[in-house]
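Data block below; observations after.
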Amino acid sequence: MRTLSIAATAAFAGGALLSQTVVVPSWRAAPPEVFLARFSTEGPVTGLTVFPFELASLILLGITTYTAAKHHRPVRLWAAATLCLTGTFALLFYFVPANSALLDPAFPPGAVASALTTWNAVNWVRTGLAVAGAALAVTARLRSDVPGDHRAYSGSS
């Protein structure tokens with residue numbers, strides 16, 4: 001379970017980082033009308049690509065953290081990783097309405113720059129939380145392999 005938690009979280013973090021450093025800058029550089037046309041296809045495909053990894057990360061990290069706690073093992077790093085992914089999931093309260101607005105054919109091109117500035121900032125928060133969650137999960141797993149170090153869950157995979 002720990003390995004699956006790490007794999008899903010790393011995949012989500014990688015996808016978030018790639019979209020934030022490659023896709024989003026190209027959206028921001030495009031003229032508003034071009035961006036809106038591109039976002040109508042690229043936005044949903046990007047979301048449908050990374051969302052399953054985000055959801056799997058949250059579920060698997062939650063199970064891993066619960067299992068660690070159930071076996072009375074320290075869980076701080078697993079819990080912190082889970083908290084990071086909970087934060088990315090909570091940001092859907094911003095992204096769902098923001099993306100829906102950008103997908104509306106009536107979205108005004110004059111409002112694109114401002115909307116993308118906010119979207120970019122919030123997506124950096126999501127990306128940072130995803131990367132931090134992956135790093136915490138990897139650290140928890142590595143610490144569980146250190147003899148005598150019981151700061152992280154040291155149960156079976």
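- Closest approach of W27 to L116, counting heavy atoms only: O-CD1, 3.8 Å.
- Looking at T46 and S19, their side chains never bring a donor and an acceptor atom within 3.5 Å of each other.
- When side chains are defined from C-beta on, M1 does not count as touching Y66, because their heavy atoms never get closer than 4.5 Å.
- Side-chain contact between F89 and F51 is present, with at least one heavy-atom pair separated by less than 4.5 Å.
- Closest heavy-atom contact between V50 and A16: CG1-N, 4.5 Å.
- Put simply, CZ on R76 and OG1 on T65 are 13.0 Å apart, with the number rounded to the nearest 0.5 Å.
- Of the inter-residue distances, the one linking L55 atom CG with I59 atom CD1 reads 4.0 Å to the nearest 0.5 angstrom.
- When the side chains of ILVMFWY residues are joined at heavy-atom separations under 4.5 Å, either directly or via intervening members, L83 and L85 end up in two distinct hydrophobic clusters.
- In this structure the side chain of L77 never reaches within 4.5 angstrom of the side chain of R141, judged on heavy atoms.
- Rounding to the nearest 0.5 Å gives a distance of 5.0 Å between CG of L17 and OG1 of T21.
- A heavy-atom distance below 4.5 Å is not found between the side chains of L18 and V23.
- Listed here is the closest heavy atom pair of L61 and A81: CD1-O, 3.8 Å.
- Side-chain contact between T67 and R2 is absent, with no heavy-atom pair separated by less than 4.5 Å.
- Contact of the P25 side chain with the Q20 side chain is not registered, since no non-hydrogen atoms from C-beta on lie closer than 4.5 Å.
- For A30 against V34, the heavy-atom pair with the smallest separation is CB-CG1, 4.0 Å.
- Between the side chains of T88 and E54, at least one donor N or O lies within less than 3.5 Å of an accepting N or O.
- Nearest approach of A137 to W78, heavy atoms of both residues: O-CH2, 3.6 Å.
- The two residues A68 and V75 have their closest heavy-atom pair at CB-CG1, 2.9 Å.
- Follow the hydrophobic side-chain contacts under 4.5 Å out from L58 and you reach L60 in the same cluster.
- No single ILVMFWY cluster, assembled from side-chain heavy atoms under 4.5 Å apart, contains both W124 and L102.
- V122 and F12 fall into different hydrophobic clusters, defined by Ile, Leu, Val, Met, Phe, Trp and Tyr side-chain heavy atoms under 4.5 Å apart, directly or through other members.
- Inter-residue side-chain proximity for L36 and V112 is flagged as met; some heavy-atom pair is nearer than 4.5 Å.
- In the hydrophobic clustering of this structure, V131 does not group with L142; members are Ile, Leu, Val, Met, Phe, Trp, Tyr whose side-chain heavy atoms approach within less than 4.5 Å, directly or through other members.
- Here the side chains of F53 and T9 are not in contact, with every heavy-atom distance at 4.5 Å or above.
- The distance between the ring centers of W119 and F95 falls below 6.0 angstrom.
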